[in-house]
Amino acid sequence: MHDCLVTRAKSAVPLDAVKRPDLEGWLSRQSAHDANWLRRAGFAAKDGEILLLPAGEGNVSSAVLGLGEERDPLALAAFSEMLPEGTYLLREIPEGLGGTNGTLAWMLGTYSFDRYRKSNRNVPKLLVDSRLDAARVRRIAEGVFLARDLINTPSNDMGPAELAETARGLAARFGGRCSIVTGDDLILENFPLMHAVGRASERAPCLIDLRWGAEDAPRVTLVGKGVCFDSGGLDLKNSTGMLTMKKDMGGAAVVLGLALMVMDAKLSVRLRVLVPAVENAVSGRAYRPGDVIRSRKGLTIEIGNTDAEGRLVLADALCEADTETPELLIDIATLTGAARAATGMELPPFFTDDESLAAELSRHATEVHDPLWRLPLWRGYERTLASPIADLNNIPDYNLAGAITAALFLNRFVERARSWVHLDIPAWIDRPRPGRRRGAEANAARALYALLESRYAAPAPASRRRPAKRR
């Protein structure tokens, strides 16, 4: 990650941003020279339009970004995506786009995935006020970038073992513990669904279990779907359906990025991260449509379709997570195409029966511009999960409401957790915008971190607390 924030600089180029309806008023406040230059250049404050204003000897005196109707709260990321190398500062910025939000937008705009094609671009630096919590902005950006890098990495270089190494690295960095159950040991440790889904691949499936924090702190458990490539199994996807299936471990990537944020911030939680990491492949060992498999919980599951593997591996992981009765249990998965049909790629749905949690998560998602939308856990659809020969079928007997029925399936494996939420994310951007390039995205990571930070932020050390006012 580029460290593009500085608190001291000999000089910095000022940057302004202006909405189209405010353009004439803004121009009237500029010098006659600059206003004439902008008018002659045809600057119209269109969305994403950037114009550099010249100084002597080929230098830049300032730059201005057009915001159009200002519908994008991360619009300032366009600055760091497009400006040449140098040091800049935000000057006249509409309310709500500057400060911490503008600084994070700047950092998000510096992201690039360079593992296979190196970039020679030197990213521009932003001069920030020393009173701004730059460490917090950096940790959020680093968590997002980690998730994006994991998702963007193609499956030949990102299998279960590589996901496990990432978790081990995080545990070592922050003083946590990470254990891995691999291959046939999943049977010995009673994770039969994970083993069944992953056994067809030459790359052994594994359960990643990262723990961090004080034993007596509130228990927060994150579960992320780690299907490192999804061929569909014997119910094979077509070639188009497989093109982006490297992203099917997006839930795992997001929980690891979120864990980085939590541990770096030293939140007062007992954090546990569980990632069922598998590859859904095709071979003579592949599980079959019509098979019946007994889950970790003891419920038997008839396999209606091998391409509904995510809910299977999550079921075993959720059952294990639930045994500790966490205060908050969060699972994140690229689970259903039905979720994309319902809310598109930019507005992932979430499901919970906890009304307070739903309101709190929605509020934080709006505040940090990491959009989420609640869909109902409609119990009337539970009967669609029935099987004539087992406790459940992994494919509902209903061709509608697929995101809801998948959430209801997962909910059958959660009983003890005091609060549970399931997020069905795309982990992918199909329409690029400033700070969000086409490709991987860490949907919900920032919203969930804001939620956890608001609940579990550690108190400031006594030396940093302000003395109480005398009455």
Side-chain angles (χ1 to χ4, degrees), residues 1-112 114 119-132 134 137-138 141 369 431-438:
M1 185 179 76
H2 304 287
D3 191 2
C4 57
L5 305 182
V6 296
T7 55
R8 294 181 182 178
K10 291 182 179 179
S11 62
V13 176
L15 304 174
D16 299 330
V18 58
K19 296 182 284 186
R20 184 157 48 189
D22 300 336
L23 177 59
E24 285 305 317
W26 179 81
L27 285 171
S28 69
R29 297 192 295 275
Q30 310 309 304
S31 69
H33 175 274
D34 287 353
N36 287 335
W37 175 270
L38 287 158
R39 287 192 172 98
R40 289 179 179 178
F43 181 74
K46 293 182 291 186
D47 186 18
E49 180 183 12
I50 287 184
L51 189 65
L52 306 180
L53 281 74
E57 301 180 354
N59 294 319
V60 175
S61 67
S62 64
V64 58
L65 170 67
L67 299 173
E69 303 300 322
E70 195 211 343
R71 292 190 175 92
D72 185 358
L74 297 176
L76 297 196
F79 275 137
S80 54
E81 288 182 352
M82 300 173 67
L83 287 173
E85 181 182 5
T87 302
Y88 301 85
L89 62 85
L90 300 179
R91 185 172 61 183
E92 189 172 342
I93 305 295
E95 185 178 358
L97 295 187
T100 298
N101 185 67
T103 305
L104 178 62
W106 183 282
M107 290 206 71
L108 293 178
T110 68
Y111 177 78
S112 60
D114 300 330
S119 171
N120 295 321
R121 180 176 184 251
N122 293 316
V123 301
K125 296 184 181 296
L126 180 66
L127 179 62
V128 297
D129 193 309
S130 60
R131 293 170 293 182
L132 184 139
V137 175
R138 287 190 183 97
H369 315 298
R431 298 193 307 161
R433 301 170 72 190
R436 292 142 291 179
R437 300 177 187 273
R438 186 182 302 276

So, Ser119 side chain and Arg121 main chain: donor-acceptor pair closer than 3.5 Å or not?
yes
Which atom pair, heavy atoms only, marks the closest approach of Pro434 to Ala77?
C-CB, 3.5 Å
How would you list, by chain and number, every residue that makes a side chain to side chain donor-acceptor pair (under 3.5 Å) with Lys125, sequence neighbours excluded?
none
To the nearest 0.5 Å, what is the distance between CG (Asp114) and CG (Asn120)?
9.5 Å
Surrounding CH2 of Trp37 (heavy atoms of other residues, nucleotides or ligands, distance under 6.0 Å), is the total greater than 12?
no
Starting at CE of Met82, measure out to CD1 of Ile50 and round the result to the nearest 0.5 Å.
4.5 Å
Show every donor-acceptor pair shorter than 3.5 Å between a side-chain atom in residues 93-106 and any protein atom, with sequence neighbours excluded, or say none if there are none.
from   : atom 1 : to     : atom 2 : distance (Å)
Asn101 : ND2    : Pro73  : O      : 2.8
Asn101 : ND2    : Gly96  : O      : 3.3
Thr103 : OG1    : Gly99  : O      : 2.8
Trp106 : NE1    : Pro124 : O      : 3.4

Just jot down the salt bridge (charged side-chain N to carboxylate O under 4.0 Å, His left out) partners of Asp129, sequence neighbours excluded, or say none.
Arg131
Closest non-hydrogen atom pair, Cys4 against Thr110
SG-CG2, 3.8 Å
Atom CZ of Arg431: over 12 foreign heavy atoms under 6.0 Å
no
Identify, with sequence neighbours excluded, every residue that meets salt bridge (charged side-chain N to carboxylate O under 4.0 Å, His left out) alongside Arg71.
none
About how many Å separate CG of Leu126 and CZ of Phe79, when rounded to the nearest 0.5 Å?
10.0 Å
Does a side-chain heavy-atom distance below 4.5 Å link Leu83 with Leu15?
yes
To the nearest 0.5 Å, tell me how far Glu70 CD sits from Asp22 CG.
8.5 Å
Among Val128, Val6, Val13, Leu127, which residue meets the side-chain contact (heavy atoms from CB on, under 4.5 Å) test with Leu89?
Leu127
Ignoring hydrogens and angles, tell me if any N or O in the side chain of Arg138 forms a donor-acceptor pair with the backbone of Met107 under 3.5 Å.
no
Using atom types as modelled, flag every donor-acceptor pair under 3.5 Å from a side chain in residues 61-69 to any protein atom, sequence neighbours excluded.
from  : atom 1 : to    : atom 2 : distance (Å)
Ser61 : OG     : Leu53 : O      : 3.1

Could you measure the distance from the CD atom of Gln30 to the CG atom of Asn36? Nearest 0.5 Å is fine.
12.0 Å
Report the C-alpha separation of Asp72 and Arg436 in whole Å, then their side-chain angles, then the decisive distance to 0.1 Å, and conclude whether the side chain to side chain contact (heavy atoms under 4.5 Å, CB included) test is met.
CA-CA 11 Å; Asp72 185 358; Arg436 292 142 291 179; 2.7 Å; yes
Among all residues two or more places apart in sequence or in another chain, which pass the salt bridge (charged side-chain N to carboxylate O under 4.0 Å, His left out) test with Asp47?
none
Counting N and O atoms only, with roles assigned by atom type, does the side chain of Glu49 sit under 3.5 Å from a partner on the main chain of Ala44, one being a donor and the other an acceptor?
yes
Heavy-atom side-chain contact between Leu27 and Phe43 under 4.5 Å
no
Run the salt-bridge test on Glu24 and Arg39 with the 4.0 Å N-O cut-off and return the result as yes or no.
yes
Counting only N and O atoms by type, is there a donor-acceptor contact under 3.5 Å from the side chain of Arg437 to the main-chain atoms of Tyr111?
yes
With a 4.5 Å cut-off on side-chain heavy atoms, are Thr7 and Leu132 touching?
no
